[in-house]
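Below is one structure, written out as structure tokens, with a few remarks after it.
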Amino acid sequence: MAHYVHLHDWPTGPVERLSTEAVLLQNRLRDQVRIEPLTKTPETIAGCDISFNKFEETVYAGIVVLRLDTLETIEEAGVVSTAPFPYIPGLLSFREIPSLLEAWQKLKIEPDVVMFDGHGTAHPRRIGIASHAGLFLNRPTFGCGKSVLVGKYDEPAPERGNWSPMTHYREVIGAALRTKNKVNPVYVSPGHLIDLETAIALTLQCNGGYRIPEPTRRAHNLVNALRRGEQGDLSKL
DNA sequence: GCGACAG
DNA sequence: ATCTTGTCGC
């Protein structure tokens, strides 16, 4: 039910050409990404993730929607699909977005904002998976990754809530944010139709007591259960 | 040229 | 990402 705009077709063909086409697309799309404050206060947030067995092309994609005020899960959608693209640093969106869009189509609710397991502007060409997907979904998106792709930062203070800017070529591209005391930070960056400060605030708002914010954590649990073929979750397909 | 490199 | 048990530290 939830819809999206099919901005462009996905690169196909021999692996060496895939990479060239993908980078060309990123350079063509990067100017469409808009980093700006939210237009309205979000009530729902979605978390996305994919899982797969090593050396296999089958991927399990899932999206979990939660209410921002209570963090209760209000909808889940999952699909078993096939990855049309290999994992290449900097080109993650081409591997994960297609199957995530399939799961998105199954949602009845259209989430107000979407969190991705990866980066948004904290990307060599400023168009990581969160930004790229934001263009298709045409709604606020941001990335919250567990490790750095590009950029440098000073270690934020050890208490939860502290953060320091990540820079790349003199540009602020995101933030290293402490979501839990004395635990490694997560890397937050705006994707599309949102700004860094808001992305940080939302990440902190999604606290469940773990380093990884709830939307991503629940999506991760969902796709792993799907991959392992656990009973209760097959019904949600 | 060498090293780094989201999931 | 995935494969996996125990183990160090608060």
Self-check item: Chi angles and distances behind the side-chain contact (heavy atoms from CB on, under 4.5 Å) call for A:V80, A:Y60
Solution: CA-CA 5 Å; A:V80 178; A:Y60 305 81; 3.8 Å; yes
Can you check whether [X] has a side-chain N or O nearer than 4.0 Å to OP1 or OP2 of [N]?
X      : N     : result
A:N224 : C:dA1 : no
A:S51  : C:dT2 : yes
A:Y187 : B:dA6 : no
A:K146 : C:dA1 : yes
A:S147 : B:dG7 : yes

Using whole Å, what does the distance between atom [atom2] of nucleotide [N] and atom [atom1] of [X] come to?
X      : N      : atom1 : atom2 : answer
A:I173 : B:dA6  : CD1   : C1'   : 11 Å
A:D117 : B:dG7  : CG    : P     : 6 Å
A:K152 : B:dG3  : NZ    : C1'   : 16 Å
A:H119 : B:dA6  : NE2   : C1'   : 5 Å
A:F52  : B:dA6  : CZ    : P     : 12 Å
A:R211 : C:dC10 : CZ    : C1'   : 18 Å
A:I127 : B:dA6  : CD1   : C1'   : 14 Å
A:Y87  : B:dC5  : OH    : P     : 10 Å

Select base, sugar-phosphate, or nothing to describe what [X] touches, counting heavy atoms under 4.0 Å on all strands.
X      : value
A:R227 : sugar-phosphate
A:G90  : base
A:L91  : base
A:V150 : nothing
A:G128 : base
A:I129 : base

Do A:H123 side-chain atoms and A:G90 backbone N/O form a donor-acceptor pair below 3.5 Å?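 Looks like yes, one N/O pair under 3.5 Å.
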Requested in this report: Answer yes or no: is there a donor N or O on one side and an acceptor on the other, between the side chain of A:R67 and the main chain of A:E43, under 3.5 Å?
Outcome: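 Not confirmed, A:R67 side chain does not pair with A:E43 backbone.
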Say you draw a straight line from CG of A:L66 to OG1 of A:T44; how long is it, rounded to the nearest 0.5 Å?
->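 So the gap between those two atoms works out to 9.0 Å.
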CD1 (A:I194) and CD1 (A:I35) are apart, to the nearest 0.5 Å, by 9.0 Å
- Would a 4.5 Å heavy-atom cut-off, applied to side chains only, mark A:R218 and A:L71 as touching? yes
When you measure from the side chain of [X], which nucleotide among [options] comes out closest?
X      : options             : answer
A:H220 : B:dA6, C:dT2, B:dG7 : C:dT2
A:P89  : B:dG7, C:dT2, B:dC5 : B:dC5
A:D49  : C:dA1, B:dC5, B:dG7 : B:dG7

Of A:R228 and A:K182, the one whose closest nucleotide on DNA chain C sits nearer the 5' end is A:R228
